[in-house]
Amino acid sequence: MRVTIEVNGRTVSEEVEDRMLLVHFLREQAGMTATNIGCDTTSCGACTVLLDGESVKSCTVLAAQADGHAVTTLEGLTGPDGDLHPVQRAFREQHGLQCGFCTPGMIMASVSLLAHNPKPTREEVRTGLEGNLCRCTGYHNIVNAVVDASGQEVAQ
Amino acid sequence: MIPAQFRYQRANTVEEALAALAEHGDEAKPLAGGHSLLPLMKLRLAAPEVLVDLAPLDELRFVRLDGDTVRIGALTRHHDLHGDGVLREHAPLLAHVAGEVGDQQVRHRGTIGGSLVHADPAADLAAALLACDGTLVARGPRGEREIPATEFFLGPFTTPLEPDELLTEVRLPRQTGRGWAFEKFTRRAIDWAIVGVAVCGQSVGLVNMAGTPLRASATERALASGAPIAEAAELAAEGTSPVDEPHATAEYRRHLARVLTARALEAAAA
């Protein structure tokens with residue numbers, strides 16, 4: 001079937017198998033490889049992207065379900081001049097990563113979290129990101145980064 | 001993991017969806033948010049030949065109060081249920097439980113109808129609906145029928161819906177004045193409940209205490225005859241048949257059911 005998805009503002013239209021998953025469409029058809037495939041079972045959140053502005057796990061969405069919709073991946077957060085998005089900048093400044101594998105998903109889930117709750121408490125950040133696993137267990141700095149990105153003081 | 005081959009088609013009206021289901025029989029599956037069905041298909045536990053995507057059916061996305069009945073369209077997402085003003089006011093237990101399902105990303109896709117027809121014995125919403133005396137509305141070629149939640153869960157992943165029927169709506173009586181609480185015990189944040197308890201007034205729904213979600217009938221009878229909470233909660237595991245698993249034995253689950261029921265009843269009464 002033909003699937004047409006607006007990926008990071010660019011229209012990508014490809015003939016794909018009906019069963020193709022959104023994460024494969026993004027990586028293979030759209031060339032957006034920041035989105036990682038982790039557990040592939042809706043658990044780890046590494047493949048989190050924004051679908052019409054809301055976080056979803058792209059390993060559990062068919063490309064066909066995103067047909068006619070807009071998807072934002074990590075690449076789409078960066079400004080045209082390479083300026084980092086406030087959440088990206090905060091992850092760097094707070095060192096909210098260790099190996100970095102979970103980071104694209106963490107950042108996309110954080111963007112969605114902050115869209116719904118612009119000034120979350122630390123507890124709300126932890127609850128909001130419960131669908132994203134960091135196997136380095138670097139959660140402390142990830143929470144710091146989201147608090148920082150929200151413009152709040154980071155309590156050390 | 002990629003699902004086995006299937007044909008994807010989109011239904012633009014409920015009638016179109018019903019026609020597609022009638023045409024393909026049990027070779028077809030309706031697709032709502034896909035957060036129960038797609039994982040099963042990736043694991044090859046389900047391999048429908050045709051998927052009928054219901055996404056365009058905006059007519060099945062609503063929450064409204066109709067007299068003393070709260071009516072919810074089957075395609076309403078958990079995220080929308082959790083934030084819905086009408087639901088929070090008139091069916092706060094269900095609104096709360098919708099916010100406890102899975103995680104943020106899952107709640108952005110998963111729907112109440114999809115969760116209920118999947119009929120996982122560990123599903124939170126099913127137990128909440130039981131405690132709320134809910135009803136499910138299905139449409140098919142023979143018309144519309146209402147099925148009480150108490151008759152909807154026949155076994156693990158089994159409901160009375162025929163392959164050519166579609167769940168279209170969930171109804172529950174307005175919860176006015178009935179205290180409520182939800183207690184869920186998990187090993188990790190987004191796990192399915194080892195045991196969960198939903199309380200609405202003196203009704204108690206149990207999550208993962210048998211092959212289906214079920215009511216804690218013995219507890220309810222004791223409460224109705226005036227027994228104190230501590231005494232009634234001791235009966236919470238009666239009539240249940242929890243599974244024995246390495247991380248949670250049946251006896252442990254029975255213990256949890258009693259403890260969580262006591263906590264939920266206390267919280268609901270407070």
Side-chain angles (χ1 to χ4, degrees), chain A residues 1-3 16-25 28 37 39-69 105-106 108-117 120 124-133 139, chain B residues 1-12 28-56 75 77-80 82-83 99-111 114 184 186-192:
Chain A
M1 69 177 292
R2 178 154 289 273
V3 168
V16 300
E17 278 192 272
D18 291 15
R19 61 179 174 165
M20 176 175 257
L21 301 170
L22 177 59
V23 67
H24 292 130
F25 184 92
E28 293 157 23
I37 300 172
C39 69
D40 210 359
T41 58
T42 339
S43 302
C44 79
C47 65
T48 300
V49 299
L50 305 185
L51 177 58
D52 294 335
E54 290 183 320
S55 58
V56 302
K57 294 179 176 179
S58 59
C59 76
T60 310
V61 177
L62 297 171
Q65 290 177 288
D67 181 34
H69 295 269
M106 282 288 181
M108 301 316 286
S110 301
V111 169
S112 187
L113 165 66
L114 291 173
H116 290 298
N117 184 359
E124 286 167 346
V125 173
R126 286 184 174 273
T127 308
L129 296 182
E130 65 191 354
N132 292 73
L133 301 180
Y139 295 107
Chain B
M1 291 179 294
I2 298 166
Q5 294 274 8
F6 59 84
R7 262 186 307 122
Y8 171 91
Q9 64 186 74
R10 218 169 266 155
N12 291 305
K29 278 278 183 195
L31 175 68
H35 272 51
S36 299
L37 182 55
L38 293 178
L40 288 184
M41 290 171 63
K42 290 169 76 174
L43 294 168
R44 300 297 199 276
L45 295 171
E49 290 177 19
V50 178
L51 275 191
V52 182
D53 191 355
L54 309 176
L75 288 184
R77 303 177 309 165
H78 308 315
H79 173 77
D80 296 325
H82 183 57
E100 297 291 302
V101 177
D103 54 50
Q104 172 186 241
Q105 293 94 316
V106 169
R107 294 191 292 271
H108 284 152
R109 294 294 298 171
T111 67
K184 174 173 168 178
T186 58
R187 291 171 71 221
R188 299 168 305 182
I190 64 166
D191 280 347
W192 295 90

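Reckoned from all heavy atoms, side chains included, excluding hydrogens, waters and symmetry mates. Proteins get letters first, then strands, A, B, ... in listed order; numbering begins at 1 in each.
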Indicate whether any N or O donor in one side chain lies under 3.5 Å from an N or O acceptor in the other, for [X] and [Y].
X	Y	value
Gln105(B)	Asn132(A)	yes
Gln5(B)	Glu17(A)	yes
His108(B)	Ser55(A)	yes

Worksheet item: Is there a side-chain contact between His116(A) and Glu54(A) (heavy atoms, below 4.5 Å)?
Response: yes

Residue [X] versus chain B: region with a heavy atom under 4.5 Å:
X	answer
Leu113(A)	both
Thr127(A)	neither
Thr48(A)	side chain
Ile37(A)	neither

Discussion item. Only pairs of heavy atoms separated by less than 4.5 Å count here; which of Leu31(B), Asp53(B), Leu51(B), Asp103(B) has the most with chain A?
Written reply: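 Among Leu31(B), Asp53(B), Leu51(B), Asp103(B), the one with the most close pairs to chain A is Asp103(B).
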
Practice prompt. Just give me the residue among Gly34(B), Gly83(B), Pro3(B) that pairs up with chain A most often, heavy atom to heavy atom, under 4.5 Å.
Written response: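 Between Gly34(B), Gly83(B), Pro3(B), the count favours Pro3(B).
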
Worksheet item: With chain B, which of Arg126(A), Met1(A), Met108(A), Gln65(A) has the greatest number of heavy-atom pairs at distances under 4.5 Å?
Response: Gln65(A)

Practice prompt. Take atom CZ of Arg188(B) as the centre, draw a 6.0 Å sphere, and report whether it contains more than 12 heavy atoms from other residues, nucleotides or ligands.
Written response: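 Atom CZ in Arg188(B) is not crowded, with 12 or fewer foreign heavy atoms closer than 6.0 Å.
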
Worksheet entry | Residue Lys42(B) excluded, over 12 heavy atoms near NZ under 6.0 Å | yes

Fill in: Part of Arg7(B) within contact of chain A (heavy atom distance under 4.5 Å)
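Both the backbone and the side chain of Arg7(B) come within 4.5 Å of chain A.
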
